[in-house]
Amino acid sequence: MPRGVLALLLLLAGVAGVAGVRAETLVASLSTHRVAITSNYTGAEIVVFGAVERDQQTVARAAGYDIVVTVRGPRRMTVVREKEKAGFIWLNISRRRFPELPVYLVVQSTRPTEDIADEMQRLRFKIGLDAILADPARRNEPSEVKFRDALVRLKTEQGLFAENSRGVTFLTPTIFRAPIILPAIAPTGNYEVEVALFSDGVLLTRQSTSFEVIKTGFEQTTVELSRDHSLLYGASVGVLALLFGWLATIIFRRD
Amino acid sequence: MQLYLPIAEMPVNMFLLLAMGAAVGFISGMFGVGGGFLMTPLLIFVGIPPAIAVATQTAQITASSVTGALGYWRRRALDLKLGGVLVAGGFLGTLLGVLFFNSMRRMGQLDFVIVVSYVTLFGVIGTLMLVESLNALWAARKGTPRLLRKPGEHAWYLGLPLRMRFHRSKLYGSVIPIMLLAVLIAFAGAVLGIGGGFILVPALIYLFRIPAAVVVGTSLFQILFTMLAATLLHAVTNQSVDVVLAILLIVGGVMGAQFGARAGQKLKGESFRLLLAILVLGVGLRFAIEIVVRPDEPFSVVQEGS
């Protein structure tokens, strides 16, 4: 038995020894974990709060901290089409599919992601829109770049994609906040929030959390009814239309 | 005031949609047409996804044609027997239309199909209507009465088999061309979110010589049942009918139609058909511009499946 106890003590000492030169830890929290869509929903704003935790053993950083917050919405097959001239009309001819692409994709950071980490790091850890969307095999093909640029441009116009190099602000040297703006067309589902801590071009640690966007009350009931009992739903809409049409003849009867 | 559409998954300005419903309702009341051919393009124009615009619009047309058909029914200006034959053909057309709609949607070509159909259908029908109404105006000015039917004249297609007698419509002939017409119009109706009254009424008058007294009521009767079937089929097969949007359009449309009907009574027959022809051609042209002119943004993004 004493040998077992000794081994355990040694093991604990070892763990403590490793932890002795420990790096920073990251704590992140969201202002809410659930966004409910109601009949007057016009979008929402969620705030990510976070703190960089250090203690006496943490090494001093000369370069200061950089934070990158990446929010990824539900994933869908996304298709970008390009209209080309065929004869005298414009048709959707070529296209590029982006399988499993987050419908909502927002990157917030303390400064431009190119300044935070080098290209290899960004591609490896998927930091910044460009690195997330890049297909490693054909990253620089002109046709690929063309569709990727169009995707980012159109989704940015819709408020579904964004890369904001001043989106994260440090309130104190170790406490930061970043707003996440959800446009009303952002889909329902689960949104992953990843917070990455960099210093001097090196990823120190990452922390993930998530929130969900759900329909509630009437909106939820309507969608469930239309999906699961579509015949009943269709019939109700039909009856409603008949009823309104009939009511109009009564209300506005002219004879 | 913003209102969230649960199926379209987007907020819309409630008053904008009510006003659109009222404006289209006014025009439809004035001309005695359903107004789907104006409403569906307008909905697409304000950003409602085409699939949802088309599917939901079928419910609005159902409501407006109930109001109309009941009015004609009370005045006994409706041929139930002819209406029944039209509805039978209409159900088939609606079914085919919804199946076509769904397969085009799966192939990602629905938007294009809608635009091209509007251009060709509305271009052709609009031009025909324009020529006809100009001729009528010209004849009215010269004072020569125009005969709709020369005595003893019969169209060849009425001589096909399966003949039936329609007393109220003063028609005896084959039901095959009548059914075919109903199938085609219901097909277009289900794909484009239109009732098709502005095609059906002139077709019944010119091809089958149906008397003016029963033609509008009978056409509304056919539209009512085919659009009701289309609402149901769209809801069951593609889940694109948005009930909130439908109610907004119906309420706006009902209001507008009442005022439109009063304004319509002051319009003369010929100038009225000319205006309608211009309206139809205008919609066709608007869509033609979309595919002929170099687009500002050649790219488009869609999410598949949800």
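Here is the naming used below: chain letters follow the sequence lines, and residue numbers restart at 1 for every chain.
Of all non-hydrogen atoms in Gly234(A) and Thr231(B), the two that sit nearest each other are O-CG2, 4.3 Å. Taking every heavy atom of both residues into account, Thr222(A) and Pro6(B) meet most closely at CG2-CG, 3.9 Å.
In this structure, no portion of Ser64(B) lies under 4.5 Å from any heavy atom of chain A. If you measure heavy-atom distances from Ile61(B) to chain A, you find no contacts under 4.5 Å at all. Within the 4.5 angstrom heavy-atom criterion, no atom of Val116(B) approaches chain A. In this structure, no portion of Leu233(B) lies under 4.5 Å from any heavy atom of chain A. Looking at Glu297(B), the atoms closer than 4.5 Å to chain A (heavy atoms on both sides) all sit in the side chain, from C-beta outward. With a 4.5 angstrom heavy-atom cutoff, Val115(B) does not touch chain A via any of its atoms. Looking at Leu3(B), the atoms closer than 4.5 Å to chain A (heavy atoms on both sides) sit in the backbone and in the side chain alike.
Note on Arg153(A), Lys155(A), Arg95(A), Glu84(A): by heavy-atom pairs under 4.5 Å with chain B, the leading option is Arg153(A). In terms of heavy-atom pairs under 4.5 angstrom with chain A, the leader among Ser240(B), Ala235(B), Ala229(B) is Ala235(B).
Side-chain atoms of Tyr41(A) never come within 3.5 Å of backbone atoms of Gln2(B) as a donor-acceptor pair (strictly under, hydrogens ignored).
If you take CH2 on Trp246(A) and OG1 on Thr67(B), they are separated by 11.5 Å, rounding to the nearest 0.5 Å. With values rounded to the nearest 0.5 angstrom, Tyr4(B) atom OH is found 8.0 Å from Glu219(A) atom CD. Rounded to the nearest 0.5 angstrom, Ser300(B) OG and Lys83(A) NZ are separated by 5.5 Å.
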